[in-house]
*Asks:* 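First the structure, which I've put down as structure tokens, then a few questions once you've had a look.
The shown structure was predicted, so the numbers you read here are calculated from the model rather than taken from an experiment. For the numbers below, each heavy atom of this structure counts, side chains included, while hydrogens, waters and symmetry mates do not.
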Amino acid sequence: MQIDRNKGKRDGICAEVCPGRIIRLEGEAFPEETANAELRCISCGHCVTACPTGALFHAGVPASLFF
């Protein structure tokens with residue numbers, strides 16, 4: 001997972017919608033993966049589609065599937 005810091009608003013939406021709870025957001029920081037996220041991610045794409053600014057990219061979930 002990659003976050004475009006120029007687009008991200010640090011609103012936490014991606015962390016809220018993640019069913020695996022592998023994205024965390026603490027304070028004013030940008031979202032980041034939790035420990036072992038790559039093993040727990042189900043590649044559902046919720047984080048990518050929920051981001052209103054298009055700041056999130058996931059290698060296992062091509063944005064072209066959703067946009």
Side-chain angles (χ1 to χ4, degrees):
M1 180 178 74
Q2 295 178 335
I3 308 277
D4 182 337
R5 292 177 180 233
N6 294 317
K7 291 182 179 180
K9 299 293 184 191
R10 297 180 281 197
D11 52 25
I13 294 172
C14 56
E16 286 180 26
V17 302
C18 178
R21 301 290 179 228
I22 64 165
I23 304 171
R24 74 169 170 250
L25 181 71
E26 295 182 16
E28 297 291 318
F30 281 93
E32 60 185 16
E33 295 178 341
T34 60
N36 297 317
E38 66 279 353
L39 299 174
R40 297 183 4 236
C41 180
I42 61 171
S43 298
C44 65
H46 282 56
C47 59
V48 175
T49 60
C51 182
T53 62
L56 204 74
F57 302 94
H58 188 293
V61 183
S64 62
L65 293 176
F66 304 105
F67 302 108

*Asks:* If you look at every heavy atom in V48 and L56, which pair is closest and at what distance?
*Replies:*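 Shortest heavy-atom separation between V48 and L56 comes out as N-CD2, 3.7 Å.
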*Asks:* About how many Å separate CD of Q2 and CG of D4, when rounded to the nearest 0.5 Å?
*Replies:*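 If I round to the nearest 0.5 Å, the distance is 9.5 Å.
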*Asks:* Under the salt bridge (charged side-chain N to carboxylate O under 4.0 Å, His left out) rule, what pairs show up with a residue in residues 16-38, not counting sequence neighbours?
*Replies:*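 Applying salt bridge (charged side-chain N to carboxylate O under 4.0 Å, His left out) to every pair that reaches into residues 16-38, excluding sequence neighbours, yields R24-E26, R24-E32.
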*Asks:* Can you give me the closest heavy-atom contact between C14 and C47, atom names plus distance?
*Replies:*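 Here C14 and C47 meet closest at CB-CB, 4.0 Å.
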*Asks:* For the pair K7 and C51, evaluate side chain to side chain contact (heavy atoms under 4.5 Å, CB included) and give the outcome as yes or no after the intermediate values.
*Replies:* CA-CA 10 Å; K7 291 182 179 180; C51 182; over 6 Å; no
*Asks:* So which heavy atom on F30 is nearest to which on L25, and how close?
*Replies:*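 For F30 and L25, the tightest heavy-atom pair comes out as C-CD1, 3.7 Å.
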*Asks:* What's the shortest heavy-atom distance between I3 and P31, and which atoms?
*Replies:*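 Closest heavy-atom pair between I3 and P31: CG1-O, 3.8 Å.
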*Asks:* Mind listing the closest non-hydrogen atom pair of A50 and V17 along with its distance?
*Replies:*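 In this case the closest contact between A50 and V17 is CB-CG2, 3.6 Å.
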*Asks:* Test side chain to side chain contact (heavy atoms under 4.5 Å, CB included) on T34 and R40 and set out the steps.
*Replies:* CA-CA 10 Å; T34 60; R40 297 183 4 236; 3.5 Å; yes
*Asks:* Does any N or O in the side chain of R10 come within less than 3.5 Å of the main-chain N or O of G27, such that one atom is a donor and the other an acceptor?
*Replies:*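 Checked: no pair found.
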*Asks:* Would you say I22 ends up clustered with I42 if hydrophobic residues are merged whenever their side chains have heavy atoms under 4.5 Å apart, either directly or through other cluster members?
*Replies:*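 No: no chain of side-chain contacts under 4.5 Å links I42 to I22.
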